[in-house]
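Values reported hereafter were calculated over all heavy atoms of this structure, with side chains retained and with hydrogens, waters and symmetry mates removed. Each ligand, and each atom within it, is numbered from 1 in the order the structure gives.
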Amino acid sequence: MAPSDIITVPRISAMKARGEKITCLTAYDWLTAGLLDAAGIDIILVGDSGAMVFAGHETTLPITMEQMLYHAAAVSRGVKRGLVIADMPFLSYQVSGDQALENAGRFLKESGAAGVKLEGGRRIADTVRRIVSAGIPVMGHLGLTPQSIRSFGDYRVRGEVQDEAGAIREDARILEEAGAFAVVLEKIPAGLAAEITQSLSIPTIGIGAGPHCDGQVIVTPDMLGLFESFRPKFVRRYAELAETIRTAASRFADDVKNGRFPSDEESFK
Ligand code: KIV
């Protein structure tokens with residue numbers, strides 16, 4: 001891979017400047033990350049959504065630093081071109097600035113990720129400044145931030161009422177000022193996302209935030225039709241892999257039970 005083909009933070013910024021849409025998908029393992037990278041996805045996000053879609057938890061809250069580092073290292077080994085960004089898990093950056101910087105640094109040193117993502121605006125601005133000033137790229141995350149689900153109480157659209165919309169707008173501006181290189185906008189009205197996208201010089205990456213963001217992200221097992229527990233309105237399915245896997249597994253079981261696998265060709269003399 002020529003160095004000029006590799007996606008860097010400045011290249012992501014340049015994409016916004018020239019109006020080129022940015023693609024982002026989540027990955028939790030080497031195999032999937034390599035496939036997404038080969039398809040030309042710009043940002044591979046090691047999301048803490050892995051707590052739910054990989055590990056089967058009900059929320060993103062239980063995943064730990066060590067588990068996220070394990071996933072991020074596996075993903076980084078599979079990615080040659082894309083920008084790998086790792087989610088900082090719940091309570092890995094809220095306790096103190098020292099703790100946040102140390103944990104953010106671990107992702108770059110130990111997993112090979114190129115940057116980290118944190119949820120929140122004003123309340124984490126000093127932390128973002130501190131991490132960025134150490135040379136670690138930070139992606140922000142506003143709107144329906146899943147690590148705050150216990151405070152929100154539900155997964156409804158955020159920013160529908162004026163106060164909340166104003167706070168999200170202000171948080172986006174604060175994150176830009178603090179040095180974030182991009183911001184994820186999750187589950188907010190399309191009009192609000194368009195307004196924020198226009199007002200910022202850094203790219204917005206939308207998930208359930210309408211078509212006017214600078215880029216789009218989907219949780220990969222959602223878009224592959226692998227995760228079936230629930231299906232948000234903003235998910236478009238590009239495959240039905242759960243059904244494909246069930247069918248393949250039941251064909252395998254049928255062949256074994258009926259003595260059709262393995263054949264002589266699949267055996268050693
Ligand atoms: O954890 C995750 O997958 C995310 C995306 C939904 C943006 O944060």
Side-chain angles (χ1 to χ4, degrees), residues 12 21-29 32-33 36 41-65 67-72 74-75 79 82-94 104 107 111 113 115-121 124 128 137-149 152 155-159 168 171-172 175 180-188 193 196-197 202-210 213-224 226-227 229-237:
I12 295 292
K21 291 279 187 184
I22 299 160
T23 55
C24 178
L25 286 170
T26 66
Y28 318 97
D29 67 282
T32 311
L36 303 181
I41 298 303
D42 299 313
I43 300 176
I44 313 288
L45 174 67
V46 188
D48 61 357
S49 53
M52 300 170 75
V53 298
F54 180 90
H57 292 291
E58 273 189 18
T59 70
T60 60
L61 301 178
I63 202 160
T64 65
M65 261 307 289
Q67 289 164 343
M68 284 301 298
L69 282 167
Y70 175 81
H71 287 296
V75 166
V79 174
L83 186 74
V84 176
I85 300 296
D87 249 338
M88 294 196 67
F90 179 59
L91 282 197
S92 69
Y93 56 96
Q94 293 94 339
F107 279 108
S111 82
V116 294
K117 177 165 80 58
L118 281 67
E119 296 184 7
I124 59 150
V128 171
V138 170
M139 180 183 264
H141 187 161
L142 297 172
L144 178 65
T145 44
Q147 290 177 12
S148 300
I149 192 58
F152 291 150
Y155 286 93
R156 75 173 167 76
V157 178
R158 314 308 300 185
I168 295 170
D171 279 344
L175 283 176
F181 77 94
V183 58
V184 168
L185 299 176
E186 179 162 354
K187 212 168 175 189
I188 64 171
I196 293 171
T197 300
I202 58 171
T204 59
I205 312 291
I207 174 162
C213 295
D214 298 302
Q216 296 292 331
V217 54
I218 310 191
V219 171
T220 297
D222 283 343
M223 74 105 189
L224 293 179
L226 260 177
F227 184 73
S229 304
F230 57 89
R231 182 177 177 177
K233 168 185 159 82
F234 54 79
V235 168
R236 185 179 296 178
R237 279 199 184 158

By number and element, which atoms of ligand 1 are closer than 4.0 Å to a non-hydrogen atom of [X]?
X: Ser49; value: 1 (O), 2 (C), 3 (O)
X: Gly47; value: 1 (O), 2 (C), 3 (O)
X: His141; value: 8 (O)

> Considering all heavy atoms of both residues, which atom of Leu118 and which atom of Val128 are nearest to each other, and what is their separation?
Replying inline: CD2-CG2, 4.3 Å

> With respect to atom 6 (C) of ligand 1, which of Val184, Thr145, Ile207 exhibits the smallest heavy-atom separation?
Replying inline: Ile207

> Should the proximity of Ile205 to ligand 1, defined as any heavy atom under 4.0 Å, be assigned to the side chain, the backbone, both, or neither?
Replying inline: neither

> What do you reckon, are the aromatic ring centroids of Phe227 and Phe230 less than 6.0 Å apart?
Replying inline: yes

Would you list the atom pairs, donor with acceptor, under 3.5 Å between side chains in residues 45-65 and any protein atom, with sequence neighbours excluded?
unit_1, atom_1, unit_2, atom_2, d
Asp48, OD2, Gln147, NE2, 2.7
Ser49, OG, Tyr28, OH, 2.7
Thr59, OG1, Leu61, N, 3.2
Thr64, OG1, Gln67, N, 3.1
Thr64, OG1, Gln67, OE1, 3.3

> So, is Thr26 polar-close to ligand 1, with some N/O to N/O distance under 3.5 Å?
Replying inline: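 Between Thr26 and ligand 1 (N or O atoms, distance only) the closest approach is not under 3.5 Å.
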
> Is Lys117 near ligand 1, meaning one of its heavy atoms is under 4.0 Å from it?
Replying inline: yes

> What is the nearest protein non-hydrogen atom to atom 4 (C) of ligand 1, stated with its residue, atom name and distance?
Replying inline: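 Heavy-atom neighbour on the protein nearest atom 4 (C) of ligand 1: Leu45 CD2, 3.7 Å.
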
> With Arg237, which residues qualify under side-chain hydrogen bond (donor to acceptor under 3.5 Å, both in side chains), at least two apart?
Replying inline: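 If we apply the side-chain hydrogen bond (donor to acceptor under 3.5 Å, both in side chains) test to Arg237, skipping adjacent residues, the hits are Glu240.
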
> Does Lys187 use its side chain to pair, donor to acceptor, with the backbone of Ala209 at less than 3.5 Å?
Replying inline: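 A pair under 3.5 Å: no.
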
